[in-house]
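Data block below; observations after.
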Amino acid sequence: MLGFTRNDFPDDFLFGTATSSYQIEGHAFGGAGTTHWDTFAATPGNVVRGENGARACDHYHRFEEDFDLVAAAGFDAYRFSTSWARVLPEGRGAPNQEGLDFYDRLTDALLERGLKPCATLYHWELPAPLADLGGWRNRDIAGWFADYTEVIMGRIGDRMFSVAPINEPWCVGWLSHFLGQHAPGLRDIRATAHAMHHVLLAHGHAIETMRGLGMENLGGVFNMEWATPADDSAAAQNAAALYDGYYNHFFLSGVFKGTYPEIVMQGLEPHMPKGWQDDFAIIQAPLDWCGINYYTRKIIAPNDGLWPSHHEIGGPLPKTFMEWEIYPEGLYNFLTRTAAEYTGDLPLYVTENGMAAPDVLEHGTVADPHRIDYLNSHVAMVQKALADGVPLRGYFIWSLLDNYEWALGYDKRFGLVHVDFDTLDRTPKSSYHALTTALTRT
Ligand code: FCB
């Protein structure tokens with residue numbers, strides 16, 4: 001049982017669930033172009049078992065059935081992403097009509113079920129021809145991305161409830177270019193500094209493009225991890241502050257304050273693209289809302305290695321199947337801090353929150369009481385933030401379906417609905433049934 005129902009929330013508070021294109025659609029279908037995730041996954045050592053998104057959940061052919069599940073659970077909204085390479089197989093130039101038609105049908109299928117379509121324009125599958133040109137390292141990506149935005153939103157923008165250009169700038173910049181854990185798998189500080197800045201430049205250009213199309217309710221989606229110092233030494237406090245700086249503050253600061261945090265620039269400034277200081281007028285394009293993706297915290301200890309001179313250590317809290325500590329307080333901290341320091345009265349949304357578990361199908365059902373507990377503890381923080389007056393307008397659960405969890409392949413099951421990756425059968429888990437009870441309007 002969940003400890004809440006929608007009656008505990010304001011009438012216009014939105015409950016939703018979230019997915020992304022490459023993780024569920026089946027990228028081999030419908031004339032989509034090759035992406036850097038296809039080539040990253042095809043390179044030994046990058047992805048568990050070399051798995052990729054070629055078939056994924058075959059949502060491309062099953063989206064009607066999947067949206068029936070979203071609607072039947074009582075959700076108000078559905079957050080999805082459009083694939084750049086499905087719309088523009090070469091990243092630029094001629095659109096793939098089949099891809100545009102797909103997103104058109106998908107949009108209408110949501111509206112027919114009374115679901116609010118909440119789109120993200122980039123959830124990580126960069127067209128390979130653009131990766132060849134340097135991808136996020138190349139300043140031109142801002143223009144390429146704006147052109148793609150115009151093509152896809154020119155087709156479906158009239159029916160979107162909300163749109164955000166880029167999912168999780170930290171993952172696009174740091175995780176993919178510094179840690180090398182996501183495509184394109186680089187570990188280079190100059191590439192990182194360029195990508196972190198260009199991702200915000202592209203965000204700003206896309207917002208301007210959509211304003212030009214007359215669109216409203218545009219926002220940004222930022223992932224956040226709470227940083228806890230390993231001990232109370234000054235060195236550990238500084239290490240955690242730096243982690244907090246490049247993970248959590250950097251992007252919010254760029255978009256809402258037109259500046260990057262000093263503590264981060266101490267390491268990144270020498271590697272920034274020329275003229276970065278002049279781009280904030282575009283990066284600061286006004287937004288209508290801000291989305292926060294939240295899963296966990298990290299415990300940070302200093303070391304005497306190269307900048308950023310710190311590392312993560314294991315923590316004492318119960319962990320999910322991702323080995324992520326369950327730390328609901330971090331969500332409350334971010335909601336209150338974001339409103340207090342960056343966004344003020346601007347509506348906030350939790351755009352992703354959820355957990356992975358090795359869920360198994362037995363006798364036709366999937367029991368996931370751990371997920372019910374996780375949702376309960378995090379929704380309690382949502383309620384606490386609301387009670388404090390944070391202008392929070394909605395909460396989206398990651399994810400509707402078990403899906404392709406990037407470098408970790410298909411084992412890390414985040415879904416409310418179990419997917420058998422042989423038969424592609426969908427089986428709602430007990431968390432899905434509990435949500436249905438909590439969300440159905442009475
Ligand atoms: C987020 C991503 C999403 C999924 C979850 C677990 O960082 O946006 O695609 O991988 O983590």
Side-chain angles (χ1 to χ4, degrees), residues 16-27 35-37 40-41 46-48 51-53 56-57 59 78-84 118-126 163-179 181-183 196 199 203 219-226 246-248 251 290-298 319-327 330-331 334 349-359 368 370-371 374-375 378 395-417 419 431:
T17 184
T19 64
S20 89
S21 49
Y22 193 81
Q23 293 178 276
I24 65 167
E25 284 175 0
H27 199 74
T35 77
H36 70 175
W37 264 97
F40 182 74
N46 285 338
V47 178
V48 173
E51 289 171 346
N52 61 35
C57 307
H59 178 72
Y78 176 72
R79 178 169 173 254
F80 68 104
S81 74
T82 54
S83 163
W84 191 341
C118 305
T120 305
L121 301 181
Y122 183 76
H123 202 123
W124 307 351
E125 62 286 271
L126 188 71
V163 183
I166 291 162
N167 182 63
E168 303 189 343
W170 179 85
C171 291
V172 178
W174 195 274
L175 186 65
S176 307
H177 295 84
F178 196 78
L179 302 180
Q181 291 172 12
H182 277 192
M196 285 171 74
V199 78
H203 157 92
V221 170
F222 306 91
N223 56 318
M224 300 188 193
E225 274 188 7
W226 194 254
Y246 65 71
Y247 204 120
N248 305 311
F251 303 98
C290 174
I292 295 173
N293 293 355
Y294 178 78
Y295 292 93
T296 189
R297 72 157 178 185
K298 291 287 161 57
K319 297 180 182 63
T320 73
F321 198 37
M322 298 289 277
E323 295 298 319
W324 292 346
E325 281 191 300
I326 300 174
Y327 186 64
L331 178 58
F334 280 128
Y349 290 88
V350 177
T351 30
E352 286 181 26
N353 179 233
M355 73 172 285
D359 299 320
D368 61 344
H370 38 269
R371 186 167 287 102
Y374 184 99
L375 295 176
H378 287 78
Y395 173 77
F396 289 70
I397 297 167
W398 184 272
S399 182
L400 172 66
L401 303 169
D402 292 340
N403 61 44
Y404 179 63
E405 182 43 39
W406 307 112
L408 301 175
Y410 288 94
D411 283 346
K412 307 294 180 196
R413 295 177 175 275
F414 272 93
L416 298 169
V417 174
V419 176
S431 57

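All residue numbers refer to positions in the sequence shown, counting from 1. All ligand and atom numbering here is 1-based and tracks the order in the structure. Remember, predicted model here, so these are calculated numbers, not experimental data.
- Protein residues having at least one heavy atom under 4.0 Å from any atom of ligand 1 are Q23, H123, W124, N167, E168, Y295, E352, W398, E405, W406, F414, listed by chain and number.
- Using a 30° and 60° split on the angle between ring planes, F414 and Y295 fall in the perpendicular class, above 60°.
- At a cut-off of 3.5 Å, with distance as the only test, no side-chain donor of S81 or Y22 sits close to an acceptor on the other residue.
- Ring planes of F334 and W226: perpendicular class, angle over 60° (limits at 30 and 60°).
- Of the N and O atoms on the side chains of S21 and E125, at least one donor lies less than 3.5 Å from an acceptor on the other residue.
- Using modelled atom types, one finds a donor on one side chain and an acceptor on the other under 3.5 Å when comparing Y247 with E225.
- In this structure, a donor-acceptor pair under 3.5 Å is present between the side chains of H370 and D359.
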